[in-house]
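The first residue in the sequence is number 1, and the count goes up from there.
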Amino acid sequence: MEDRTFVVGQEFPDVKAFRNAIKEAAIAQHFELRIIKSDLIRYFAKCATEGCPWRIRAVKLPNSPAFTIRSLEGIHTCGKNAQNGHHQASVDWIVNFIEERLRDDINYKPKDILHDIHKQYGITIPYKQAWRAKERGLAAIYGSSEEGYCLLPSYCDQIKKTNPGSIAEVFTTGSDNRFQRLFVSFYACTYGFLNGCLPIVSLGGIQLKNKYLGTLLSATSFDADGGLFPLAFGVVDEENSESWMWFLSELHKALEMNAESMPKLTFLFDGKKGIVDAVRKKFSNSSQAFCMRHLSESIGKEFRNSRLMHLLWKAAYATSTISFKEIMAEIEDVSSEAAMWLQQFPPSRWALVHFEGIRYGHLSSNIEDFNRWILEFRELPILQVIEQIHNKLMVEFEARRIKSNSCFSVLAPCAEKQTIEAINQASTYQVLRSDEVEFEVLSAERSEIVNIGTRCCSCRDWQFYGIPCSHAVAALISCRKDVYAFTEKCFTVASYRETYAVEIHPIPGRIKWRKMSEDADDVTQVVRPPKSRRPPGRPEKKRICVEDLNREKHVVHCSRCNQTGHYKTTCKADTMNSIEQF
């Protein structure tokens with residue numbers, strides 16, 4: 001059947017196999033079928049083109065499910081002109097064509113389906129048909145969206161059984177138990193954060209693209225080596241102030257359950273008012289900061305000027321108020337509108353020199369890194385999204401546990417490298433001692449004042465990053481102090497290992513925990529999907545060209561009144577003159 005030709009007497013396992021074979025042949029050879037008779041015992045069809053003599057008849061063999069071709073008449077005289085679509089290329093046929101590809105690549109796009117079908121069969125199918133086939137194929141492989149919501153309570157129970165101490169709760173609304181929210185925090189993540197991570201929490205959300213949409217909210221942190229550490233995540237029907245208040249309330253409970261006292265945290269986020277208010281209320285003792293990546297991208301999109309983005313980053317890293325003011329003056333010179341726009345973001349929330357808490361050098365959140373984890377899975381039903389996150393966490397924890405146990409230095413790799421560079425640089429400095437704790441460190445360019453008692457340096461790098469700068473290292477070495485003892489504990493290999501000390505355990509397959517629930521006679525809550533659904537059609541995408549960001553913003557000029565901001569056709573000068581004359 002490689003050349004898709006038929007001969008009299010040819011046999012097929014059953015009627016379904018024969019129908020698939022004749023359909024494949026019709027599509028591949030570009031002729032349309034007109035089916036005269038088709039049932040479980042016989043099949044008769046001819047070419048749909050008027051005047052073409054091609055006919056085929058097949059019947060079921062007695063006492064066997066096999067089908068055989070009884071007669072095959074004529075050859076095609078129709079020219080086989082079915083090029084722009086084919087009646088036999090149904091959605092089900094396309095599903096069979098793409099199923100294996102979908103298993104390998106969830107993000108197999110409809111346009112790629114169109115391309116592959118045209119390449120293999122030479123026919124063109126509608127985009128909508130390819131899109132429907134992908135939806136049906138994903139449902140066949142991973143289950144339907146409705147089933148995903150229904151199984152959520154049972155899956156949450158399995159998380160808590162296999163990973164004791166974890167939190168996994170589903171919240172519903174209305175008398176018909178419509179899904180509203182889901183919160184998940186594995187015990188291994190909570191323990192690792194409280195005992196090994198930097199006291200920094202990044203907050204953010206990403207839109208899901210399955211049938212019922214929703215938003216995945218997440219809280220992440222940084223491990224001792226600067227790696228992404230997911231702390232907790234949740235799914236809400238809609239991202240708003242209320243949902244963020246709920247998410248941070250659940251996060252506070254999860255941390256409170258596992259900590260003797262709530263640590264002083266620093267939160268990084270994109271500045272949405274709902275997040276700001278929720279952090280202030282639920283973590284009143286914390287410091288809050290805007291994510292610099294998000295802030296710089298916002299000013300870039302608003303004013304389409306790459307120099308403004310560069311200056312903003314420069315201002316954020318400024319180590320003195322004088323240099324900060326000088327850079328802000330440069331921003332004013334480049335664009336007074338941008339300087340005024342920036343006033344809505346207090347410097348105490350984004351500039352290191354004005355920030356009251358400690359960020360250990362992290363000016364941007366790592367939420368985008370977490371979002372990349374699930375980017376390819378967000379078209380799947382909600383249950384599969386949670387399963388994929390669990391699988392990713394399990395793999396990452398194991399890999400980093402091995403990596404941390406293979407470290408034999410005092411500090412985690414990145415901090416160790418930074419300290420060695422500081423030690424090498426310190427050898428070129430001259431140190432003058434003032435008293436037990438205060439030193440003046442001289443270099444070729446300048447001098448800095450170091451206080452090892454308060455762990456401060458006038459260059460401010462020690463305070464900003466939590467790791468002794470080269471000036472501090474020179475002072476410590478001069479008085480024979482251990483440099484590593486003056487580094488924050490969260491950068492040590494001991495903390496790195498403790499972060500991944502607790503394992504994330506696997507969860508049994510769906511069939512197994514379904515059976516366990518039936519054997520235990522568990523009466524689980526039936527969760528129905530939310531009423532909001534994805535609107536029909538392809539979603540709009542706003543594409544931003546990188547070159548546009550570097551291009552100066554175009555200023556329009558009126559040739560009538562010589563003012564900027566409008567054209568001659570929209571000039572109001574004549575209108576105002578007419579009114580005055582009237």
Rounded to the nearest 0.5 Å, what separation is found between the [atom1] atom of [X] and the [atom2] atom of [Y]?
| X | Y | atom1 | atom2 | answer |
| --- | --- | --- | --- | --- |
| F193 | S221 | CZ | OG | 4.5 Å |
| F97 | I125 | CZ | CD1 | 8.5 Å |
| L33 | I56 | CG | CD1 | 8.5 Å |
| C150 | E146 | SG | CD | 10.0 Å |
| S218 | F233 | OG | CZ | 9.5 Å |
| E169 | F183 | CD | CZ | 10.0 Å |

So, for [X] and [Y], which heavy atoms are closest and what is the spacing to 0.1 Å?
| X | Y | value |
| --- | --- | --- |
| W54 | I22 | CH2-CD1, 3.9 Å |
| S166 | Y187 | OG-N, 2.9 Å |
| T190 | A254 | CG2-O, 3.6 Å |
| Q207 | R378 | O-NH1, 2.9 Å |
| A224 | A412 | O-CB, 3.6 Å |
| S365 | C291 | N-SG, 3.4 Å |

For [X], does the [atom1] atom have more than 12 heavy-atom neighbours from other residues, nucleotides or ligands under 6.0 Å away?
| X | atom1 | result |
| --- | --- | --- |
| R55 | CZ | yes |
| R178 | CZ | yes |
| L40 | CG | no |

Does [X] pair with [Y] as a salt bridge, N-O distance under 4.0 Å?
| X | Y | answer |
| --- | --- | --- |
| R136 | D92 | yes |
| E99 | R103 | yes |
| D369 | R372 | yes |
| R401 | E398 | yes |
| E73 | R57 | no |
| D14 | K16 | no |

Judged by atom type as modelled, is there a donor-acceptor pair below 3.5 Å linking the side chain of [X] to the main-chain atoms of [Y]?
| X | Y | result |
| --- | --- | --- |
| S64 | L61 | no |
| D225 | C414 | yes |
| S306 | G300 | no |
| D112 | Y108 | no |
| Q129 | A89 | yes |

Evaluate side-chain contact (heavy atoms from CB on, under 4.5 Å) for L203 paired with W244, printing each intermediate quantity in order.
-> CA-CA 10 Å; L203 299 173; W244 272 114; 4.2 Å; yes

Are side-chain heavy atoms of [X] and [Y] found at a separation under 4.5 Å?
| X | Y | value |
| --- | --- | --- |
| M292 | L312 | yes |
| F377 | L380 | yes |
| P153 | V527 | yes |
| V502 | F397 | no |
| K60 | R42 | no |
| F171 | W246 | yes |
| V7 | L72 | no |
| H390 | I507 | yes |

Between the side chains of [X] and [Y], is a donor N or O closer than 3.5 angstrom to an acceptor N or O?
| X | Y | answer |
| --- | --- | --- |
| N210 | S145 | no |
| E396 | Y500 | no |
| S243 | R181 | no |

Which word best sums up how the rings of [X] and [Y] line up, parallel for under 30°, tilted for 30 to 60°, or perpendicular for over 60°?
| X | Y | value |
| --- | --- | --- |
| W93 | Y121 | perpendicular |
| F179 | Y149 | tilted |
| H362 | F222 | parallel |
| F345 | F290 | perpendicular |

Full working for side-chain contact (heavy atoms from CB on, under 4.5 Å) between R293 and L363 | CA-CA 8 Å; R293 185 191 296 115; L363 270 67; over 6 Å; no

Quick one: do R19 and S38 satisfy side chain to side chain donor-acceptor pair (under 3.5 Å)? Show the steps, please.
-> CA-CA 9 Å; R19 287 171 180 166; S38 177; 3.3 Å; yes

Are N366 and T220 close enough, and set up right, to give a side-chain contact (heavy atoms from CB on, under 4.5 Å), and what steps lead you there?
-> CA-CA 7 Å; N366 55 6; T220 61; 2.5 Å; yes

Checking side-chain contact (heavy atoms from CB on, under 4.5 Å) against V235, which of V385, V184, L208 comes through?
->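 Exactly one candidate clears the test, L208.
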
For the salt bridge (Lys or Arg N to Asp or Glu O under 4.0 Å) test, which of K134, K209, K109 pairs with E379?
->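 One option only clears the test, and that one is K134.
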
Taking the six-membered ring for Trp and the full ring for Phe, Tyr or His, determine whether the centres of F18 and Y43 are under 6.0 Å apart.
->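 Yes, close enough.
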
side-chain contact (heavy atoms from CB on, under 4.5 Å) between C52 and K46, worked out | CA-CA 8 Å; C52 183; K46 64 177 184 176; over 6 Å; no

